[in-house]
Amino acid sequence: MSTKEIALFGKNKKSILILLLAFFWVGYVAFTGYQFYIQGSKLADHLGAARKANLDYILQSSIGSLVQEHPDGLHDKLSQARKLGFVDFFILQKGEEPVFFENNSGNLEDINHNYVNFNKLIEVDGLKFKTIKVMDYRLTAGINSNARKTIIATLKNMLPMFIKDIVVVTTFLGFVAYLLLRDIINLSKLLSSRSRSEIANIKATSAEAETILKASMGLEGERVRLEKLSEVYGETVGPAIRHELKSGKEAPYSFSATLCRIDLNGYTQMFLEKDDKYVTTILNQYFAKAREVIERHGGLIYQFVGDEIVFLFKDETTPDLSSESLAIACIRDLFYEATVIEKNLPEEANHYFKLKGSFAKGTMRFTRLDEGHALSGLPLIESVRLLSLIDDKTHQVLTFFQEASASADGLAFIFDRKVNQLKGFKEESLLCRSRDFNSIEWVFESNMWERLAYFRSDEHMLFVLKKVRLMAVTRRDDDIVRMLTALKYHRFEHTTREIVTESELTLTSFLRGEEEGLLSTKALSAVVSLLGRIIPKGLWSTALQDSVVKLLDHKDPRVQANAIVVLGRYGYPARRIWENMFSSNNRVAADTIVEVAKQQLNADVWDALHRLLNSSHPTHKRSGEYALQSILAYYQEADPVFLKANPILVKMQAIKTTKVA
């Protein structure tokens with residue numbers, strides 16, 4: 001990571017309360033400290049003058065004892081004066097011989113000199129001393145005169161009072177500042193959290209806080225309004241348009257896709273003969289099921305036009321799969337759902353419920369209109385022309401161009417081919433028609449495992465789960481891995497309870513098979529990932545969770561990582577997996593960071609992500625970048641306001657911006 005990136009990690013904005021106290025404390029301590037030093041210096045000067053006067057007094061009062069030649073009594077007197085701090089050292093000499101002395105070091109040589117300057121204060125090396133001579137006696141006494149040491153000693157004596165003053169004033173200011181800024185502090189906490197509905201409960205104590213609070217409530221209300229409006233528009237605007245708008249690309253632009261049309265035969269007759277309630281009920285039933293089928297195959301609905309559904313499969317969405325094969329598989333399942341609806345019609349309905357379909361592959365263009373956006377392109381015209389050629393009312397028929405016939409292998413039987421010139425086109429085209437489809441049983445009998453990617457109904461998944469559960473005990477690990485790999489694009493938002501029950505049995509069988517050496521960890525890892533994609537949150541069971549939780553301690557990192565991702569999807573508590581953020585395996589660490597961050601953002605998440613991003617190992621660094629992108633993408637979709645307000649997310653965005661730059 002560059003120096004610039006590392007610097008970004010340090011840009012951590014502090015609370016206004018902390019900043020206020022910090023600025024006050026620094027200023028107050030500096031000012032008070034200066035005053036404290038001035039007072040200490042003055043006091044030190046005063047003490048120095050007093051000690052000098054005491055020195056003169058001690059020497060003058062010693063003259064009488066020297067005249068009477070009573071050195072013993074004089075020694076006691078001087079010793080007592082030294083203890084009281086009046087002098088720091090003294091020495092009495094008779095002639096050149098010392099009689100007695102006292103100093104801090106206890107070393108006579110330090111003060112045993114030939115003193116010849118009498119009755120004069122001498123200053124040298126931080127000492128002040130004076131010598132008097134009475135007959136043969138020379139008495140020298142002195143004090144330490146180092147101003148710096150004196151000031152420091154004085155300040156030490158005054159320090160407790162200074163600290164007490166700082167603590168009292170800082171505490172008082174902090175209390176007052178908190179009372180005044182409490183509402184702003186609480187507001188900032190709510191804005192940087194995901195519980196902004198409590199903003200209305202904050203009571204402002206100042207006019208400034210009241211203004212900020214009202215503005216925040218207004219913005220939050222506007223956010224909620226826009227969110228609801230977005231939901232309404234989301235239900236009004238087709239998923240295909242919504243998908244392009246969310247892509248961030250600026251219209252116009254082009255992409256390759258397969259566009260499909262499904263039309264209900266006999267709709268006009270049913271509309272004319274049945275009342276509105278009947279028609280609305282049966283169409284809503286059909287449209288709801290059709291939406292689920294199309295979404296399961298990764299399709300994007302463009303329009304509902306009366307009884308017709310127009311939807312498409314983008315090549316870039318599933319690059320490993322054929323968009324034409326997805327179209328065939330999806331239309332096959334729509335035909336099946338129409339058959340179910342027809343079988344359940346009341347006897348007095350007196351009408352059939354059959355579909356006809358078509359698809360065409362080509363370049364689609366996303367464009368901006370005067371009001372809104374739209375798709376354009378040749379497939380829109382070709383598919384409607386193809387659909388108009390179907391006149392069979394007794395069967396459900398799919399028609400498409402001969403060029404797509406290879407995509408039908410293993411999915412649909414072509415019963416008819418004919419040359420036709422589509423209306424508005426100069427060239428003739430070879431067209432194919434299908435009304436019967438390959439079953440999933442045929443796929444298993446033919447071992448065409450890659451075609452399983454195009455079987456996505458509940459019935460298909462139930463069949464697959466039962467098959468792989470049986471195969472788990474017959475040492476067919478390679479086939480199982482290929483099968484589960486083909487199912488990697490399966491994602492169900494709705495399913496049946498039978499799928500959940502069968503999933504529980506399948507996972508138990510895989511766990512046992514892996515323990516007994518019948519299956520590889522790769523197969524176990526794949527089935528865990530699959531179950532996490534096909535079981536909706538509302539149907540996730542305790543049995544499945546208990547089984548997946550056991551895999552958190554699995555020896556294989558792939559199994560661990562998939563278990564973490566699956567548990568995270570179903571809201572497994574972050575506190576139970578957070579330690580894996582610091583795993584030595586980069587994949588386990590990255591997946592855990594993402595799942596924990598979706599529930600809570602704290603210093604641990606930041607430290608774990610920082611560790612990966614700063615790693616010297618390229619794969620670990622890439623895992624960190626993956627985690628960073630995933631977290632930001634999640635909050636961009638889930639809560640854009642939180643993305644902009646949360647300090648940790650702000651730092652993550654700064655890192656992302658720097659890397660892009």
For K289, does its backbone N or O pair with a side-chain atom of E337 as donor and acceptor, under 3.5 Å?
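Judged by distance alone, no pair lies under 3.5 Å.
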S583 backbone acceptor or donor facing N580 side chain under 3.5 Å
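No: the side chain of N580 does not pair with the backbone of S583.
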For H373, what residues pass the ring-ring contact (aromatic ring centres under 6.0 Å, His included) criterion, not counting sequence neighbours?
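Scan of H373 (ring-ring contact (aromatic ring centres under 6.0 Å, His included), adjacent residues dropped) gives F366.
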Considering residues at least two apart in sequence or located in another chain, which fulfil the side chain to side chain donor-acceptor pair (under 3.5 Å) criterion with D409?
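For D409 there are no side chain to side chain donor-acceptor pair (under 3.5 Å) partners, ignoring immediate neighbours.
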Is it the case that R469 places NZ or CZ above or below the six-membered ring of F510, under 6.0 angstrom from the centre and within 45 degrees of the axis?
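No cation-pi geometry.
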Could you tell me if K537 sits above the aromatic ring of Y570, with its cationic atom closer than 6.0 Å to the ring centre and no more than 45 degrees from the axis?
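The answer is no, since K537 fails at least one limit relative to Y570.
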Between F415 and C432, does a side chain to side chain contact (heavy atoms under 4.5 Å, CB included) hold up when you go through it step by step?
CA-CA 8 Å; F415 74 90; C432 301; over 6 Å; no
Centre-to-centre under 6.0 Å for F463 and F455, is that the case here?
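No, the ring of F463 stays outside the 6.0 Å limit from the ring of F455, centre to centre.
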Would you check if the distance from the ring center of F359 to the ring center of F400 is below 6.0 Å?
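Judged by ring-centre distance (under 6.0 Å), F359 and F400 do meet the cut-off.
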Y286 pairs by ring pair (Phe, Tyr, Trp, His ring centres under 6.0 Å) with which of F304, F335, F353?
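For Y286, the ring pair (Phe, Tyr, Trp, His ring centres under 6.0 Å) test succeeds with only one of F304, F335, F353, which is F353.
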Check ion pair [X]-[Y] (N to O, under 4.0 angstrom):
X	Y	value
E244	K249	no
D315	K361	yes
E250	R368	yes
E625	R622	no
D458	R296	yes

For the pair F492 and H490, name the ring-plane relationship: parallel under 30°, tilted 30 to 60°, perpendicular over 60°.
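Rings of F492 and H490: tilted, as their planes differ by 30° to 60°.
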For D392, which of K356, K354, R433, R435 qualifies under salt bridge (Lys or Arg N to Asp or Glu O under 4.0 Å)?
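With D392 as partner, K356, K354, R433, R435 yield a single salt bridge (Lys or Arg N to Asp or Glu O under 4.0 Å), made by R435.
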If you take all heavy atoms of R569 and I535, which pair is closest and at what distance?
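What the structure gives for the nearest pair is NH1-O, 3.3 Å.
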Residue pair L422, L389: steps toward the side chain to side chain contact (heavy atoms under 4.5 Å, CB included) verdict:
CA-CA 9 Å; L422 300 180; L389 297 177; 3.6 Å; yes
Side-chain donor-acceptor distances from residues 481-488 under 3.5 Å, at least two apart:
residue, atom, partner, partner atom, Å
T485, OG1, V481, O, 2.7
K488, NZ, D320, OD2, 3.2

Say you draw a straight line from CG of D263 to CD1 of I390; how long is it, rounded to the nearest 0.5 Å?
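The distance works out to 9.0 Å.
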Spacing of H297 atom NE2 and E292 atom CD [to the nearest 0.5 Å]
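Atom-to-atom, H297:NE2 and E292:CD are 11.0 Å apart.
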